[in-house]
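This report refers to the structure that appears directly beneath it.
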Amino acid sequence: MNATFFYLLLAFTCLLSSCSPVKVLIIDGQNNHDVWPKSTVMMKQYLEEAKGFKVAVNRSQFTWKGGKQSDYLPLAGVGLTQDKEQPQTDPDFAPDFRKYDVVISNFGWKAAAWPAATQRAFEEFVKQGGGFVSIHAADNSFPDWKAYNEMIGLGGWGGRTEKDGPYVYYSNEGELIRDESNGKAGSHGPRHEFPVTVREPNHPITRGMPAVWLTTVDECYAQLRGPAKNLTVLATGKDHSDKPPTDRHEPVLMTVTYGKGRIFHSTLGHSDVSMEGVGFIESFLRGVEWAATGKVTREIPADFPTEKVASSRDFTVKK
């Protein structure tokens, strides 16, 4: 085979297999979790090290609780921002979502509402087939935004109650329950390692995972409520702390469809230690790829946690 033919064949193969990287946008700026400047850098680096992803960050000009991890703020490459004592709407926050295949939200509880035009643009982006990934406290955000609540499927805090939809969980007998009774939305016990049970082993995101695996120290969200339309619970967590809010298996990995768009929702990732967990890292990477493309090409690594042993990877900023 001569060189010219080889390179033509390689180019044609790449065209058929979509060799262009997945274009990812991480959005952040206001989150009650002080770790958010670092966790954005962590997620960005995980994606870049995984190859096949091109990552950008768009941050609201007015930030909240960015001070404790301020050393990480410039590492996102977004320029200077103003940290406020309380969340404040940035009237100029208007990412061009159409330039990306998937958007990851690292906003959190009490994040100020986006401008109405930005909300509509995001709704249209997902409805027309754009991917969306909600990480941990992103499901606390924007309780009054109807379409957002449909996109995340289930949420907590922010005044959410039965008016926002059913409380969804798995019973100890393995039955999926949609509880329509009155009650608040959102709780968790102390942080600890807890077991994750895979409920949909044939889904691309969870395929190949152990039936049960341990997180690193994290929060097991509970009593989440929402529209739960087109929702699939991929995996649940069971709080084994000394103060569990429920004796139930709570959704931790989920997918939702909204129009043509695919959404991956993970409640994991409370802290940097939580985000160093191999279970978090690998489910995150697989979820981002699936939301963007509908496929998962990653294999389950040898250091993936088991039912008895958690596993983590120390994070160091790549220079």
Side-chain angles (χ1 to χ4, degrees), residues 22-48 53-97 99-115 118-119 121-122 125-126 130-143 145 148 151-152 155 157-158 219 263-272 274-276 280-281 284-285 287-288 291-292 315 317:
V22 172
K23 296 183 289 296
V24 182
L25 177 67
I26 301 175
I27 51 175
D28 71 8
Q30 300 180 16
N31 194 319
N32 58 306
H33 294 65
D34 297 321
V35 73
W36 70 261
K38 182 177 181 180
S39 59
T40 283
V41 173
M42 293 175 77
M43 290 189 287
K44 183 175 186 289
Q45 186 166 310
Y46 289 153
L47 288 162
E48 291 171 342
F53 298 96
K54 184 178 181 181
V55 190
V57 179
N58 194 305
R59 178 166 293 160
S60 57
Q61 178 63 29
F62 303 134
T63 63
W64 180 55
K65 289 191 174 291
K68 287 189 177 180
Q69 296 284 357
S70 59
D71 289 349
Y72 289 89
L73 288 171
L75 302 184
V78 298
L80 296 177
T81 54
Q82 304 174 50
D83 207 43
K84 301 291 186 178
E85 291 187 4
Q86 293 295 328
Q88 181 177 329
T89 293
D90 174 4
D92 298 320
F93 183 70
D96 188 353
F97 302 114
K99 294 168 59 177
Y100 303 93
D101 301 307
V102 59
V103 174
I104 301 167
S105 177
N106 199 19
F107 281 89
W109 179 70
K110 283 188 68 175
W114 298 350
T118 305
Q119 292 185 20
F122 186 65
F125 164 76
V126 179
F132 174 42
V133 174
S134 171
I135 295 297
H136 197 57
D139 70 14
N140 305 180
S141 304
F142 316 129
W145 182 2
Y148 184 84
M151 284 185 252
I152 61 174
W157 296 274
E219 289 177 340
I263 296 99
F264 172 63
H265 178 171
S266 172
T267 70
L268 303 178
H270 170 78
S271 67
D272 49 359
S274 309
M275 285 190 163
E276 288 179 331
F280 171 83
I281 296 169
F284 166 71
L285 293 173
V288 172
F315 177 79
V317 174

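Residue indices begin at 1 and follow the sequence shown. Note that the structure is predicted; figures quoted are calculated from it, not measured.
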Trace of the ring-ring contact (aromatic ring centres under 6.0 Å, His included) decision for Trp114 with Phe107 | CA-CA 11 Å; Trp114 298 350; Phe107 281 89; 5.7 Å; yes

Test Tyr148 against Phe132 for side chain to side chain contact (heavy atoms under 4.5 Å, CB included), laying out the working first.
-> CA-CA 11 Å; Tyr148 184 84; Phe132 174 42; 3.8 Å; yes

Can a donor-acceptor pair be found, under 3.5 Å and without considering hydrogens, that links the side chain of [X] to the backbone of [Y]?
X: Thr118; Y: Phe93; result: yes
X: Asp101; Y: Lys23; result: yes
X: Asp28; Y: Asn106; result: no
X: Ser60; Y: Thr63; result: no
X: Arg59; Y: Pro37; result: no
X: His265; Y: Ile152; result: yes
X: Ser141; Y: Gly108; result: yes
X: Thr89; Y: Ala113; result: yes
X: Asp83; Y: Gly66; result: yes

Would you name the heavy atoms of [X] and [Y] that are closest together and state the gap between them?
X: Ala138; Y: Ser134; result: CB-OG, 3.4 Å
X: Val35; Y: Asp272; result: CG2-N, 3.8 Å
X: Trp36; Y: Lys65; result: NE1-O, 3.0 Å

Interatomic spacing from [atom1] in [X] to [atom2] in [Y] - rounded to 0.5 Å:
X: Met275; Y: Phe315; atom1: CE; atom2: CZ; answer: 10.5 Å
X: Ser105; Y: Met151; atom1: OG; atom2: CE; answer: 10.5 Å
X: Lys110; Y: Gln30; atom1: NZ; atom2: CD; answer: 10.5 Å
X: Leu25; Y: Tyr100; atom1: CG; atom2: OH; answer: 5.0 Å
X: Glu276; Y: Ile281; atom1: CD; atom2: CD1; answer: 7.5 Å
X: Asp34; Y: Ser39; atom1: CG; atom2: OG; answer: 10.5 Å

Could you tell me whether the side chain of [Y] reaches within less than 4.5 Å of the side chain of [X], counting heavy atoms only?
X: Phe284; Y: Leu268; result: no
X: Ile135; Y: Phe280; result: yes
X: Lys44; Y: Val57; result: yes

Could you please spell out the steps behind the side chain to side chain contact (heavy atoms under 4.5 Å, CB included) verdict for Leu47 and Leu285?
-> CA-CA 7 Å; Leu47 288 162; Leu285 293 173; 3.7 Å; yes

Describe, in one word, how the ring planes of Phe97 and Phe125 are oriented to each other, choosing from parallel (under 30°), tilted (30 to 60°) and perpendicular (over 60°).
-> tilted

Kindly assign one of parallel, tilted or perpendicular to the pair Trp64 and Trp109, based on the angle between their ring planes and the thresholds 30° and 60°.
-> tilted

